[in-house]
2 protein chains.
Amino acid sequence: MNAVQVDGYRESMPRDTLTREQIVTAAIALLDADGLEGLNMRALGERLGSAATAVYWHVGSKDNLIALASDQVWHEITLPDPDLVNWRTAATAMATDLYAMLTRHPWLLQAFGSFLMSGPGKARHDDHLLAIYEAAGFAGAAADQAAATVFTFVLGNALGPAAAASLTRKLRREDSDAEQTIRDTMTEARRIAAQFPRLRARLDTHSADYSAAPDNTFQFGLQAVLDGLEARLGAM
Amino acid sequence: MNAVQVDGYRESMPRDTLTREQIVTAAIALLDADGLEGLNMRALGERLGSAATAVYWHVGSKDNLIALASDQVWHEITLPDPDLVNWRTAATAMATDLYAMLTRHPWLLQAFGSFLMSGPGKARHDDHLLAIYEAAGFAGAAADQAAATVFTFVLGNALGPAAAASLTRKLRREDSDAEQTIRDTMTEARRIAAQFPRLRARLDTHSADYSAAPDNTFQFGLQAVLDGLEARLGAM
DNA sequence: GCAGCGACTTGCACTATGTTCAAGTGAACG
DNA sequence: CGTTCACTTGAACATAGTGCAAGTCGCTGC
């Protein structure tokens, strides 16, 4: 930024220009805070201390900026040693880490629905995922299928929490009385659930919204999936 | 609609007003054709033969309309007999049907990321899903976890094809030369993949985009997941 | 040291789109 | 025949992505 807001006027500084990295970092921060629909170029420009349109010179378009941000966050995933004695340890670590990342950045799954992400960050992840399943003993196409099975399972699991987080942010942004709206929505959900026998039976046991889905459902499912894959491994 | 477009002029008819059902049906058609971002109220109004703003009286807002459409499509899923001798048959049927529905309506997963869908249509589905896993022998919370495991697996699997479909529609809408852009994107994806050993090894085997993910990956994964669950069933 | 060039920034303005609102319009009912 | 209520309409406003032409800054070659 070549100017800083100080008490309402701009003080000139030795010029240092925006960088793409800086912009992507700021975009991710805004996305985390306000969700995909909450990101707008004018707010981003303000955060960066420059005009909204300056960003365009560096990233071309908002869509491209989102693509860049969407790829960047894949670098947050740590890659476990693929040659552990127990491949399930590595597989579980990567799946859990991915789940956590997707929960940290709920907008990523929204972006995934709209843009195809295939940058270096995701490639780095995908490649290492394959390493783990190949080291486990899955050969050729079987490694792809095993990796895809766990990967898609994790994506699907993160969808619920991500949707809940996005909804919350959206309401807080648009709705003057977000808490009341959320309460109303949950009441309505319970009213609907009450009309179906098995859902009704669960109304008292656990609350009806996704954000309350207990974390152990993910771990339960993940271990079941890995069991199913391990059985196939024995048959190879 | 109270008027019909005939050769460019409007012919008045005995008044029949818009219905919410009509609007939702038209919205689903537009969403299927143009994707979530392609739906706009003016186009919807035009398709319905009325002013864009007439829709608001019936559905309140675009968000609400999307929520209505998002719930409606769940009714397309057929509910298999939960008391089949082999529970896996019913479970597989429902999962496969859901996968097909999500592929037919790629915008649904996008909407799922932005809005929480919990209408009667999804409740009907969820309730029946529980019926199947309870009939299979999963008791109490185990039925929820088993159902959620398969359900989220299917969601995650549909995400790839849905993203590809959305992207294609988006490009066709915005880009004058969509085919070229798609080709460029795939070339770029291959360039990136070439920098990672395991992805590079696969470059010639199968193409790098999601739409080409073979259908058998879904079936492979689904059966693996069901295997993992069945093993738990034996231990109950 | 200065002219010019290229890298970046800016404000303006255009466009598309969700939405509000006040005014209408038609059908049914008393 | 008039009132009412259910709907429809067109104009208008706000927001947000983005193209464009005109800057501004620093470096480079003369």
Side-chain angles (χ1 to χ4, degrees), chain A residues 1-5 9-23 26-27 30-31 34-69 107 111 114-115 170-171 173-176, chain B residues 1-5 9-23 26-27 30-31 34-69 107 111 114-115 170-171 173-176:
Chain A
M1 58 198 91
N2 62 348
V4 179
Q5 289 278 11
Y9 70 94
R10 279 164 173 265
E11 196 173 46
S12 78
M13 292 179 69
R15 178 174 197 162
D16 64 339
T17 71
L18 285 176
T19 66
R20 186 179 260 221
E21 227 177 87
Q22 218 173 72
I23 293 173
L30 281 182
L31 285 165
D34 299 333
L36 192 57
E37 305 180 28
L39 174 67
N40 74 77
M41 303 304 272
R42 287 176 233 263
L44 180 61
E46 196 170 345
R47 186 189 180 93
L48 289 164
S50 59
T53 50
V55 174
Y56 281 87
W57 195 90
H58 296 274
V59 301
S61 71
K62 186 186 184 186
D63 277 8
N64 192 46
L65 172 59
I66 291 173
L68 291 171
W107 48 271
S114 311
F115 317 93
K170 182 205 192 86
L171 286 177
R173 189 155 31 85
E174 300 178 353
D175 201 322
S176 51
Chain B
M1 58 196 90
N2 63 348
V4 178
Q5 291 276 12
Y9 70 93
R10 282 165 172 263
E11 196 174 47
S12 79
M13 292 180 69
R15 177 176 196 162
D16 64 340
T17 71
L18 285 176
T19 65
R20 185 178 260 219
E21 226 177 88
Q22 220 171 73
I23 293 172
L30 281 183
L31 286 165
D34 300 330
L36 192 57
E37 304 179 31
L39 175 67
N40 73 78
M41 304 304 271
R42 288 175 234 262
L44 180 61
E46 196 171 345
R47 185 189 180 92
L48 290 164
S50 59
T53 49
V55 173
Y56 281 87
W57 194 90
H58 297 275
V59 301
S61 70
K62 185 186 185 185
D63 276 7
N64 193 45
L65 172 60
I66 291 173
L68 291 170
W107 46 271
S114 311
F115 316 93
K170 183 206 193 85
L171 287 176
R173 190 155 30 83
E174 300 178 353
D175 200 322
S176 51

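Order of the sequence lines fixes the chain letters, A, B, ..., with proteins taken first and strands second; residue numbering starts at 1 for each chain.
Within the model, atoms CZ of A:Arg47 and CD1 of A:Ile23 stand 13.0 Å from one another, a figure rounded to the nearest 0.5 Å.
Taking atom CG on B:Leu18 and atom P on C:dG26, their separation rounds to 16 Å, with Å as the unit. In this structure, CG of A:Asp63 is placed 17 Å from P of C:dA16, rounded to the nearest angstrom. Between B:Glu46 atom CD and D:dT8 atom C1' the separation is 17 Å, expressed in whole Å. The CG atom of A:Leu39 sits 11 Å away from the P atom of D:dA16 (whole-angstrom rounding). In this structure, A:Met41 places its CE atom 14 Å from C1' of C:dT9, rounding to the nearest Å. In this structure, CZ of B:Arg20 is placed 15 Å from C1' of D:dA6, rounded to the nearest angstrom. If you measure from atom CG of A:Asp34 to atom P of D:dA16, you get 11 Å, rounded to the nearest angstrom. What separates CD of A:Glu37 from P of D:dG17 is a distance of 11 Å, to the nearest Å.
Within residues 53-61 of chain B, the residues having any heavy atom closer than 4.0 Å to DNA chain D are, in order of number, B:Thr53, B:Ala54, B:Trp57, B:His58.
Side-chain atoms of B:Leu48 and B:Leu44, non-hydrogen and from C-beta on, do get closer than 4.5 Å to each other.
Residues A:Leu18 and A:Gln22 approach most closely at CD2-OE1, 3.3 Å, considering heavy atoms. Residue B:Leu36 comes nearest to B:Ala111 through the heavy atom pair CD2-N, 3.9 Å, listed as atom of the first residue, atom of the second, then distance.
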Please report, to 0.1 Å, the donor-acceptor pairs under 3.5 Å made by any side chain of residues 51-66 of chain A, with sequence neighbours excluded.
residue: A:Ser61; atom: OG; partner: A:Asn64; partner atom: N; Å: 3.1
residue: A:Lys62; atom: NZ; partner: A:Leu39; partner atom: O; Å: 2.9
residue: A:Asp63; atom: OD2; partner: B:Lys170; partner atom: NZ; Å: 3.2
residue: A:Asn64; atom: ND2; partner: A:Val59; partner atom: O; Å: 2.8

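Each of A:Lys62 and B:Arg42 was matched to the nucleotide of DNA chain D holding its nearest heavy atom; the match closer to the 5' end belongs to B:Arg42.
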